[in-house]
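Lettering of chains follows the sequences in order, A, B, ..., and the numbering in each one begins at 1.
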Amino acid sequence: MRQVVKMMRVAMSAPVAGVTRFMSPSCGPLSVLFHGPVPRAIGQEKTGTCLWEVSSGHRLGFLVGETQPMELEICLGGVSVPHIYIEEVAGHVGQQVTLKGWLYNARYSGKLVFLQVRDGSGIIQCVLFKNDVSDQAFELARTLTQESSCIVTGTVREDKRSELDYEIAVSDLALVHMAVDYPITPKEHGVAFLMENRHLWLRSRRQAAILRIRASLIRAIRNYLDSHNFVLVDSPIFTPAACEGTSTLFETQYFDEKAYLTQSGQLYAEASAMALGKVYCFGPTFRAEKSKTRRHLTEFWMVEPEVAYLQFDGLMDLMEDFLCEIVAGVLAERASDFAVIERDITALQRVVKPFPRITYDEAIGILTAKGQPVAWGDDFGGDDETVLANEFDRPVLVHRYPAAVKAFYMKRDADNPKLALGVDLLAPEGYGEIIGGGQREDDLNELLQRIDEHGLPREPLEWYLDLRRYGSVPHSGYGLGVERTVAWLCGLHHVRETIPFPRLLDRLKP
RNA sequence: UCCGGAGUAGCUCAGUCGGUAGAGCGGGUGGCUGUUAACCACUUGGUCGGCGGUUCGAGUCCGUCCUCCGGAGCCA
């Protein structure tokens, strides 16, 4: 809280040039309020009022090259007004604070101005009465444009007329930079336009809330794995060749040879698990598939835990416990953001153990009964997953798929070799598969046979086969797609809003 | 890649039967001491996606290309 001990007022008439020095009689912070043209020393060119805080010291010097008159208020020997974030205002009621942010929206009513200011942590309404502030500050408030950066000083007070129950009674306002013709107005816009302006769209209340939820989810994932003694061992982004399946890879030049961007860190995670037991990798993944749906990105983030000596039933237990804890963690941390995006979280609060577990065969039965038959041996489509998920009030685990539709490294079910020990976790409300996992084939000869059946070359997989030559053990793991999970948590129609700068089939910019 | 839809003011859109290019928002000016995507008055603003064709005349009809949107397959 600022406690002004002494105030000096210095009026200067134009033209004044050179260095002006003020000697402070004591140590301590120094606040300077400039009325009129701001000195060049601050790097400003526009007229206005500027709050300049000098951390400590006795001497203040600046260039005055303006041709307009200038007036200074110098507050000496006091404590400067503390800068706080909007999310902290509840703890500063009745106190004078400084907010540093951007203008989100404004309304004017004659001698009264309402500024909605955002600072990344939230949005708060700042009120200026003409009679309570300087003419310069009031004029600035009237002309401040959307997304102009500004510094607000004022008193926090509770007021039910404001959306957040709090508002700032402004005593001073300073311009940092005036924005000109900000493209995204407070009215409605189309998705195409917003995606073109994604770098600015992020500033909107809704997008910021989604990104905070994403960050919270990633933190919850790391917290879970780190606290359960998983070791973070990241997999490479550059990979030498297509090791898995038919998915298209992004090709890039790696000095004198070709390299590909990773489409999964799993094979490397298996090697890491043989070294460190319980591991996970967490990074971007690239798929050059020509997929054009609400569930697909060409670049997305995936966390892939892998555990040595973990077998199939234990894997499903782990997936279940993991998902329950990370969902609960995000709900606890970001309740206000779920409110901002108007997500009804009662469905998310039902994400508790145990999850229903059904076999592929049982899933086929459900789909047939629901009038959406699937031939045995086919994989499920998006609509099939939605029908299955709608049968339950929480995520469902679908396990033991036909081996033919699963990757070469999946271990076969000992009770039925036509089935693979793979499991997908389907999110409720039609969000589909957010986790895919399985027990890995640990027998060298079986694995060689699978590789041949899938028509894959052995040579680039020799290092992977070494894992079955030198102390092979049963092991399992899974991969969770961050964006699909965020889309489900937020109730979004499309994954493109779950990542700051989405990369899609037809979008590489911005 | 396939199927469907759309491109008109900075943004969201309307534009009838082929006959002078429209609205709201935004920007600008003025008004208003409690506004909530504020409101009121005035004002500014156009390569009708590109190219070609039909026609006295094309935003409108035809051809073609481009871009975007939605969906499918594949997958997280």
Side-chain angles (χ1 to χ4, degrees), chain A residues 104-116 123-132 138 142-143 145-147 159-164 167 169 179-197 200-201 204-206 244-249 262-266 282-304 378-385 405-407 422 424-427 431-437 478-488 493-496 498-499 504-507 509:
Chain A
Y104 194 73
N105 198 4
R107 284 178 282 274
Y108 321 96
S109 183
K111 293 171 182 168
L112 184 58
V113 177
F114 300 98
L115 301 177
Q116 289 189 332
I123 299 177
I124 194 166
Q125 177 158 282
C126 302
V127 186
L128 287 88
F129 284 98
K130 185 170 173 59
N131 295 337
D132 293 351
F138 190 78
R142 281 180 57 86
T143 55
T145 55
Q146 189 190 357
E147 284 304 322
D159 195 315
K160 288 174 184 172
R161 290 173 295 187
S162 180
E163 280 183 351
L164 304 176
E167 64 181 24
V180 178
D181 295 337
Y182 185 71
I184 302 177
T185 64
K187 293 290 179 178
E188 63 190 56
H189 297 282
V191 175
F193 175 78
L194 292 169
M195 288 302 302
E196 286 294 326
N197 291 282
L200 303 175
W201 190 20
S204 77
R205 193 195 315 236
R206 181 178 173 80
E244 177 194 345
T246 55
S247 295
T248 317
L249 295 163
T262 181
Q263 62 174 355
S264 167
Q266 184 207 307
F282 198 165
T285 301
F286 307 89
R287 303 270 169 95
E289 294 156 357
K290 307 260 173 142
S291 300
K292 208 176 167 182
T293 80
R294 72 183 79 169
R295 297 175 178 176
H296 285 87
L297 297 166
T298 54
E299 177 183 318
F300 64 97
W301 286 68
M302 191 156 63
V303 58
E304 294 174 280
D378 288 351
D379 208 347
F380 299 131
D383 290 343
D384 301 325
E385 291 180 347
V405 302
K406 288 294 181 185
D424 289 348
L425 186 146
L426 305 183
Y431 284 92
E433 182 187 348
I434 58 171
I435 302 180
Y478 62 87
L480 173 136
V482 169
E483 288 75 17
R484 284 188 183 178
T485 304
V486 175
W488 164 52
H493 182 69
H494 200 298
V495 290
R496 65 188 158 206
T498 66
I499 186 168
L504 299 154
L505 179 56
D506 293 318
R507 179 162 300 283
K509 292 185 288 186

Picking from B/A76, B/G34, B/G26, which would you name as closest to the side chain of A/Thr185? B/G26
For the pair A/Gln146 (side chain) and A/Ile184 (backbone), establish whether a donor and an acceptor sit closer than 3.5 Å, ignoring hydrogens and angles. yes
My understanding is that only residues two or more places apart in sequence, or in another chain, count here; which of them pass salt bridge (charged side-chain N to carboxylate O under 4.0 Å, His left out) with A/Lys406? A/Asp424
Identify each atom pair where a protein N or O and an N or O of nucleotides 43-46 of chain B are less than 3.5 Å apart, giving names and distance.
none

Expected output check: what is the dot-bracket annotation of RNA chain B, where ( ) and [ ] are pairs inside the strand (brackets for crossing ones), | is paired with another strand, and pairs are Watson-Crick or G-U under 3.5 Å? (((((((..((((.....[..)))).(((((.......))))).....(((((..]....))))))))))))....
Restricting to side-chain contact (heavy atoms from CB on, under 4.5 Å), what partner residues turn up for A/Thr485, sequence neighbours left out? A/Leu217, A/Ile434, A/Leu480, A/Trp488, A/Leu489
Could you tell me how far apart A/Leu128 (CG) and B/G34 (P) are, to the nearest whole angstrom? 15 Å
Examine the base of B/C11 for any acceptor or donor lying under 3.5 Å from a partner atom in the side chain of A/His189, and report the outcome as yes or no. no
To the nearest Å, give me how far apart CZ (A/Phe138) and P (B/C32) are. 10 Å
Sequence neighbours excluded, which residues qualify as ring pair (Phe, Tyr, Trp, His ring centres under 6.0 Å) partners of A/His296? none
Rounded interatomic separation in angstrom, taking CG from A/Leu115 and C1' from B/G34: 14 Å
Which part of the nucleic acid does A/Asp379 contact within heavy-atom distance under 4.0 Å: base, sugar-phosphate only, or nothing? sugar-phosphate
I'd like the C1' distance from B/A58 over to B/G53, given in whole Å. 11 Å
Excluding sequence neighbours, so at least two apart, what forms side-chain contact (heavy atoms from CB on, under 4.5 Å) with A/Phe129? A/Leu112, A/Val127, A/Asp132
How many Å lie between CD on A/Gln146 and C1' on B/C25, as a whole number? 12 Å
List for me each residue that meets salt bridge (charged side-chain N to carboxylate O under 4.0 Å, His left out) alongside A/Asp159, sequence neighbours excluded, and say none if there are none. A/Arg161
Rounded to whole Å, CD1 of A/Ile435 lies from P of B/C75 at a distance of 18 Å
Could you list, one pair per line, each protein nitrogen or oxygen that sits under 3.5 Å from a nitrogen or oxygen of nucleotides 66-70 of chain B, together with the distance?
unit_1: B/C68; atom_1: OP1; unit_2: A/Asp506; atom_2: O; d: 2.9
unit_1: B/C69; atom_1: N4; unit_2: A/Lys292; atom_2: NZ; d: 3.4
unit_1: B/G70; atom_1: OP1; unit_2: A/Arg496; atom_2: NH1; d: 2.8
unit_1: B/G70; atom_1: OP1; unit_2: A/Arg496; atom_2: NH2; d: 2.4
unit_1: B/G70; atom_1: OP2; unit_2: A/Arg496; atom_2: NH1; d: 3.2

Non-neighbouring partners of A/Tyr108 that pass ring pair (Phe, Tyr, Trp, His ring centres under 6.0 Å), sequence neighbours left out: none
The contact string for nucleotides 35-42 of chain B, one letter per nucleotide 5' to 3', using protein heavy atoms under 4.0 Å with B, S and - for base, sugar-phosphate only and none, comes out as BBBB----
Round to a whole Å and report the spacing from CD of A/Gln263 to P of B/C74. 15 Å
To the nearest angstrom, how far is A/Asp132 atom CG from B/U33 atom P? 14 Å
Classify A/Phe193 by what it touches in the nucleic acid, base, sugar-phosphate, or nothing, heavy-atom distance under 4.0 Å. sugar-phosphate
Rounding to a whole Å, what distance do you find between A/Arg484:CZ and B/C74:P? 12 Å
When rounded to the nearest 0.5 Å, the distance separating CZ of A/Phe138 from NZ of A/Lys111 is 9.0 Å
For A/Glu147, the salt bridge (charged side-chain N to carboxylate O under 4.0 Å, His left out) test, sequence neighbours excluded, returns A/Arg118, A/Arg203
Comparing A/Val405 with A/Lys111, nearest RNA chain B nucleotide closer to 5' gives the residue A/Lys111
Applying salt bridge (charged side-chain N to carboxylate O under 4.0 Å, His left out), name anything that partners A/Arg205, two or more places apart in sequence or on another chain. A/Glu163
